[in-house]
**Student:** 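The following block contains the structure, expressed as structure tokens.
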Amino acid sequence: MALIVHKYGGTSMGSTERIRLVAKRVAKWARAGHQMVVVPSAMSGETNRLLGLAKELAPSKLTDAYQRELDMLASTGEQVSVALLAIALQGEGMESVSYAGWQVPILTNSAHTKARIESIDDQKVRVDLAAGKVVIVTGFQGVDEAGNITTLGRGGSDTSAVAVAAAMKASECLIYTDVDGIYTTDPRVVPEARRLQTVGFEEMLEMASMGSKVLQIRSVEFAGKYKVPLRVLSSFTPWDIDLEIEAKSGTLITFEEDENMEQAIVSGIAFNRDEAKVSVLGVPDTPGIAYQILGAVADANIEVDVIIQNVSKDGKTDFSFTVHRNDFAKTVDLLKEKVLPKLGATEIIGDAKICKVSIVGIGMRSHVGVACKMFRCLSEEGINIQMISTSEIKTSVVIDEKYMELAVRALHKAFELDQPAA
Ligand code: ADP
Ligand code: ASP
Ligand code: MG
């Protein structure tokens, strides 16, 4: 008998009919003798609907008090899901009980809308499991020390599930979604994308960081830190397929390189439409400039991604970086107010119509010319590269948003990702 955590995403929980199918699947696992903890997301579209309501009523200045209420609001989506799933399981003749994050409790810091999990008290859950119940815990949410409800950022139910699995030392965490595993790139953009049997943890982390929304980044970080066996698979297979077959389906995230792993140089392509570019023009090229610009941005709790500084001409230079699109207006205002007057820079310009496309692969460590092949492919498509950033196992470019799909398809083809690697 093993302790298993299942996570079901929004589409998998999208209607009462789908919730019934989830309940049947979970009941199958429980009847096979496993202790089951289930972490569902809100029903598809629900989090967007709730946040849309808040936007209609939002004050002109988005204060911390407003962010607190956003969490209060958005967390209700998952509360509906857990109760409905518990009821559906009871309908299947299973004993089940649901908990909101604060009831477990899942303790987080107080960074509303992007809180981090600090600890999980598993006592209550263990008592229920020992009594033979299926336990259902809300994804996406927790509670801070002061008792405020927090949420973990969009897609955060993945992180809840992996964190619960880590806290409870579960045998495996299965992430059920609307695709049957991790693909070489988003199969909705490139129909030729190929499912990977296994993907290395580092590659998965880089893919998630570069924008593959199939797993939230922090869920991969948690899996790595606590070595949680993690698998991504489909909730759209018939619920009654053989459990042994289901348990081996999808994509397994692996922590050690083994010889069965594919030896591709590039294993996947990720893209991200959520960023915006900010440029500070005509900054004096003197020590401390990067610190003055980015320090002010960091103090406002805004994360910066790709950064470039041009060579200087006549003692002046241009400095550009990307931030999340949600932080774009705030960043430009902040720089105009606080940094521009102090630096004597001439202008701040922004571009929200950009995207970032990244190639990711562990094999890039030992092969030269991979980035060059990427640049050639983009140039052949007539796509202008605005910014470049590299790490040991990825190369990212910032390009005009309108070329995103073209770039992803062309790169997928150029790196032959539709073919199995040797
Ligand atoms: P859930 O609601 O189950 O959490 P998400 O929408 O968050 O599901 O994530 C699943 C989606 O991720 C897929 O429908 C797919 O379009 C997208 N996706 C992006 N990149 C990949 C990839 N490399 N492999 C598989 N799916 C991907
Ligand atoms: N419901 C939340 C969202 O839509 C969390 C999740 O689905 O993982 O972002
Ligand atoms: Mg998701």
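Counting convention: from 1, in listed order, for ligands and their atoms alike.
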**Student:** Looking only at heavy atoms of R195, does any of them come nearer than 4.0 Å to an atom of ligand 1?
**Tutor:** no

**Student:** Does G268 come within less than 4.0 Å of ligand 1, judged by its heavy atoms?
**Tutor:** no

**Student:** At the 4.0 Å heavy-atom cut-off, does G156 count as touching ligand 2?
**Tutor:** yes

**Student:** Between G153 and ligand 2, is there a nitrogen or oxygen pair with a distance under 3.5 Å?
**Tutor:** no

**Student:** Is it true that G181 lies under 4.0 Å from ligand 1, counting heavy atoms only?
**Tutor:** yes

**Student:** Of Q419, H412, E416, which is the lone residue that meets side-chain hydrogen bond (donor to acceptor under 3.5 Å, both in side chains) with T184?
**Tutor:** H412

**Student:** Relative to the heavy atoms of R154, which atoms of ligand 2 are at a distance of less than 4.0 Å?
**Tutor:** 3 (C), 4 (O), 9 (O)

**Student:** Strictly by modelled atom types, are E203 and S267 linked by a side-chain donor-acceptor pair under 3.5 Å?
**Tutor:** yes

**Student:** Is it true that P187 lies under 4.0 Å from ligand 1, counting heavy atoms only?
**Tutor:** yes

**Student:** May I ask you to check if ligand 1 and R188 share an N or O to N or O distance below 3.5 Å?
**Tutor:** yes

**Student:** Between K7 and ligand 1, which part of the residue brings a heavy atom under 4.0 Å of the ligand: side chain, backbone, both or neither?
**Tutor:** side chain

**Student:** Within the protein, is there a heavy atom lying under 4.0 Å from atom 6 (O) of ligand 1?
**Tutor:** no

**Student:** Quick check: does S41 get an N/O under 3.5 Å from an N/O on ligand 2?
**Tutor:** yes

**Student:** I need the single residue from K24, R31, R25, R20 that forms a salt bridge (charged side-chain N to carboxylate O under 4.0 Å, His left out) with E92. Which is it?
**Tutor:** K24

**Student:** Take every heavy atom of E78, measure it against each atom of ligand 2, and state whether any distance is under 4.0 Å.
**Tutor:** yes

**Student:** May I ask you to check whether over 12 heavy atoms, not counting those of Q90, lie within 6.0 Å of atom CD?
**Tutor:** yes

**Student:** Is it true that G10 lies under 4.0 Å from ligand 2, counting heavy atoms only?
**Tutor:** no

**Student:** Look only at interatomic distance and state if Y183 has a nitrogen or oxygen under 3.5 Å from any nitrogen or oxygen of ligand 1.
**Tutor:** yes

**Student:** Using distance alone, decide if ligand 1 has a nitrogen or oxygen within less than 3.5 Å of any nitrogen or oxygen in G10.
**Tutor:** yes

